[in-house]
J.: 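One structure is given below, represented as structure tokens, and several questions about it will come after.
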Protein chains: 2
Amino acid sequence: MYQPTVTEENYLKAIYHLSNTGTKSVNTSSIATSMETTAASVTDMLRKLSDKEWINYEKYKGVKITRKGEKVALGIIRKHRLWEVFLTNILEFEWEEVHQMAEELEHVSSEELIKRLDKFLGHPKFDPHGDPIPDQTGKMESHDKFNLSAGEPGEKYIITGVTDHSTLFLKHLRKYGLLPGVTVSIAEIMDYDKSMLVKVSKDKFHLSLEVSKNILIKKYVSSK
Amino acid sequence: MYQPTVTEENYLKAIYHLSNTGTKSVNTSSIATSMETTAASVTDMLRKLSDKEWINYEKYKGVKITRKGEKVALGIIRKHRLWEVFLTNILEFEWEEVHQMAEELEHVSSEELIKRLDKFLGHPKFDPHGDPIPDQTGKMESHDKFNLSAGEPGEKYIITGVTDHSTLFLKHLRKYGLLPGVTVSIAEIMDYDKSMLVKVSKDKFHLSLEVSKNILIKKYVSSK
DNA sequence: TTATAAGTTTAGACAAATCTAAAAATAGTA
DNA sequence: TACTATTTTTAGATTTGTCTAAACTTATAA
């Protein structure tokens, strides 16, 4: 068993996310893009990760994360999301401010620290952006989320998360009060540009497709 | 203005501590010892730190930290000690467990994070080991501490800190309940080996010189 | 005051993570 | 199918922080 370096942890996290989010296969250039580095650097790192059995890698054939690698990635993601909860709930940061800090805090190594932090925070199941927090074994909730852009006029939904985590987008949503847990109902969808009119408590907003595509929702059901 | 690397931060912290704690000048080998590295590595680093104006360094002449360097060091020490308070007071770690975790947390860069952590903790003036926490400008309390080994029989003192921060020593002290804030009175000092009999609330303990030398105290004065 | 010891610096090398430029392999298309 | 474009890998360098071994300074002592 090897102890991953900070860089290796970041690569594994990126590969994990690309494996689970994107539709296309995880190739060298997609990793390079997400890590903001060159394809050559990625190739070097893939060999290292493969040597340590965190990924299966064959030259020119792309990458598949192993069970071991997934365990490392989920550990980092767990830390990241727990620290995000700490930063918003305890230190009262806004949800768009916490990502960068959590990127650093996630690499603090102590397992006992994260165990106690989890307990202190009351074992939260979701981070401030609605992303599920893996438990110590790597398991996490994943209620069937779908895009607000796929919602239907007249229906009521609860916001459960976002797919764009950029500061700019999160700030934009907060302006409308469109946060996880909030109830929205779709008043109208425009045929022309697929933009929609939504009702949030007493306010009505016009959301572009660009925006609605990046909001995750679940069906509204009264009582829980 | 440069942004120090983690390694540079650790060197500056070590140099700051050697400048303020030890009696002898800060030379290459003392830094090497405290950083657990070789003299050659230290020489390389001293040139870098000097280039960035965090120290004044002349070959073969030793090192003096600059105002700028001191500011960096005090920033790290502030973070370290605030995180130690967080780990003991909020996450309920024991005082001998927190040092290693704080060594990692101190390098998390956000100034705003540390500002909010400080506020959340109630602007503590001392860490769990009794060491003063610098404020944002680098100022800190420094009430005239002295060694328990220099105390006098019949006198009453309050423990204010320790000079040995090792886990082993801290665990040892906790066994006796010898923590910062606790009142001790010296019942007797043995001529032969300078060991002492001390009273802590209702218990009496025998402390070797080795131990009493590493406990910091101040005179007891009733009411504050 | 000269010899030796102790401490410090230089020289040269290495590992990790990165880069650019060139070569090789794969994919897309006429 | 064969040519071209895209993607990926290799080769060779660079930077940071480290090392060992040798050379050099300063301190100590006969």
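Keep in mind that the numbers below use all heavy atoms, side chains included, and drop hydrogens, waters and symmetry copies. Keep in mind it's a predicted model, so treat the numbers as computed, not measured.
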J.: Here's a test for you: under side chain to side chain donor-acceptor pair (under 3.5 Å), which of B:Arg174, B:His172, B:His129 qualifies with B:Glu96?
T.: B:Arg174
J.: Once each nucleotide of nucleotides 15-29 of chain C is scored for protein heavy atoms under 4.0 Å, what B/S/- sequence comes out, 5' to 3'?
T.: -SSBBB---BSS---
J.: Check whether B:Arg81 reaches the backbone of B:Pro134 with its side chain - one donor and one acceptor, N or O, closer than 3.5 Å.
T.: no
J.: Would you classify A:Ser29 as touching base, sugar-phosphate or nothing, given that sugar-phosphate means primed atoms plus P, OP1 and OP2, and contacts are heavy atoms under 4.0 Å?
T.: sugar-phosphate
J.: If you look at every heavy atom in A:Leu207 and A:Leu148, which pair is closest and at what distance?
T.: CD1-CD2, 4.0 Å
J.: With a 3.5 Å distance limit and no angle check, can you tell me whether A:Trp95 reaches the backbone of A:Leu170 through a side-chain donor-acceptor pair?
T.: yes
J.: When you measure from the side chain of A:Arg116 to the backbone N and O of B:Glu92, does any donor-acceptor pair fall under 3.5 Å?
T.: yes
J.: Quick one: does any side-chain atom of B:Ser50 pair with a main-chain N or O of B:Asn56 as donor and acceptor, under 3.5 Å?
T.: no
J.: According to a strict under-4.0 Å criterion, is B:Tyr57 in side-chain N/O contact with OP1 or OP2 of C:dT9?
T.: yes
J.: Which is the 5'-most and which the 3'-most nucleotide of DNA chain D that has an atom under 4.0 Å from a heavy atom of chain A?
T.: D:dT8 to D:dT10
J.: Once you round it to whole Å, what is the distance between P of C:dG7 and CG of B:Asn27?
T.: 8 Å
J.: If the test is side chain to side chain donor-acceptor pair (under 3.5 Å), which one of B:Lys48, B:Lys52, B:Gln3 qualifies with B:Glu8?
T.: B:Lys52
